[in-house]
Amino acid sequence: MAAKRYWLLKSEPETYSIEQLEQDGATSWEGVRNYQARNFMREMKKGDRVLFYHSNANPPGVAGIAEVVREAYPDSFAWDPKSHYFDEGSSPEDPRWDMVDVGFVERFPEVLPLPVLREDPSLEGMELLRKGSRLSVQPVSKEHFDRVVKLARKPR
DNA sequence: GCCAACGTTGGC
DNA sequence: GCCAACGTTGGC
C-alpha cells in the first residue's frame, strides 16, 4: 500500500463549510473545474488526509481536517444543465471532470488564519502561501500538514 | 468593491 | 504557437 498523502481543499464557507461537513459526516467534492486541481484529485487515495480551507472568508484559513473516503469518479454535476457546475463539454459518455468524496475528521477550535500561516517560517514553500496561488486542490507535504495541525490545536 | 494573478479561449 | 481579451479566484 502506498504511503498516505496529504492535501488541501479550498471551499468558500458560504458554499460549504467545515460545520456542514461535521453535520453531514461526508460529502461529494463536486465543482472542481480546473485541470491541475482535477489531476490532483485523481491522485487521491482512500485514507489520505485533507486540510479543509475556508476561502473568501473572514478570516480565510484552515478550519479542520477531512479524509478521502471515495477515490475519483466522474462529476455528474457537469452534465446537469440545472447545476451551477454545468459544463457542456462534459457528458456521461465522455466525462471531463472528476470528484472525490471526503469525510469529516476534525474541526479546529478556531479557524487558523492565513496571516498566522504566513508568519510561520516552517511553512515556507507551502503552495497555499505562494503569491497569487489559486489552486483549490493542492498537495501538502507531511511536514507542513503536521505543522498546520499543531498550530491549529495550540491555544492562541 | 478593488484588483492582482491566473487559466482559458479564440483569432491570427 | 503567440497573445489579447475575457472570466474567475480570492485576499484585502
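Source: prediction; values computed, not measured.
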Mind checking which nucleotides bracket the chain A contacts on DNA chain B, 5' to 3', with an atom under 4.0 Å from a heavy atom?
B:dA5 to B:dT8
Are the charged groups of A:R33 and A:D87 less than 4.0 angstrom apart, N to O?
no
Using side-chain heavy atoms (C-beta onward) and a distance below 4.5 Å, is A:E106 in contact with A:R153?
yes
Would you mind telling me which residue lines up with the more 5' stretch of DNA chain B, A:Y35 or A:G132, judged by nearest nucleotide?
A:G132
Which class fits the ring pair A:F52 and A:Y16: parallel under 30°, tilted 30 to 60°, perpendicular over 60°?
tilted
Residue set satisfying side-chain contact (heavy atoms from CB on, under 4.5 Å) with A:R42, at least two apart, ordered chain then number -> A:R38, A:N39, A:A72, A:D98
Which comes earlier along DNA chain B counting from the 5' end, the contact point of A:N56 or that of A:Q36, where each point is its nearest nucleotide?
A:N56
Can you tell me how the ring of A:Y6 sits relative to the ring of A:F145, calling it parallel under 30°, perpendicular over 60° and tilted otherwise?
tilted
At 4.0 Å (heavy atoms only), tell me whether A:R130 reaches a base, stays on the sugar-phosphate, or touches nothing.
sugar-phosphate
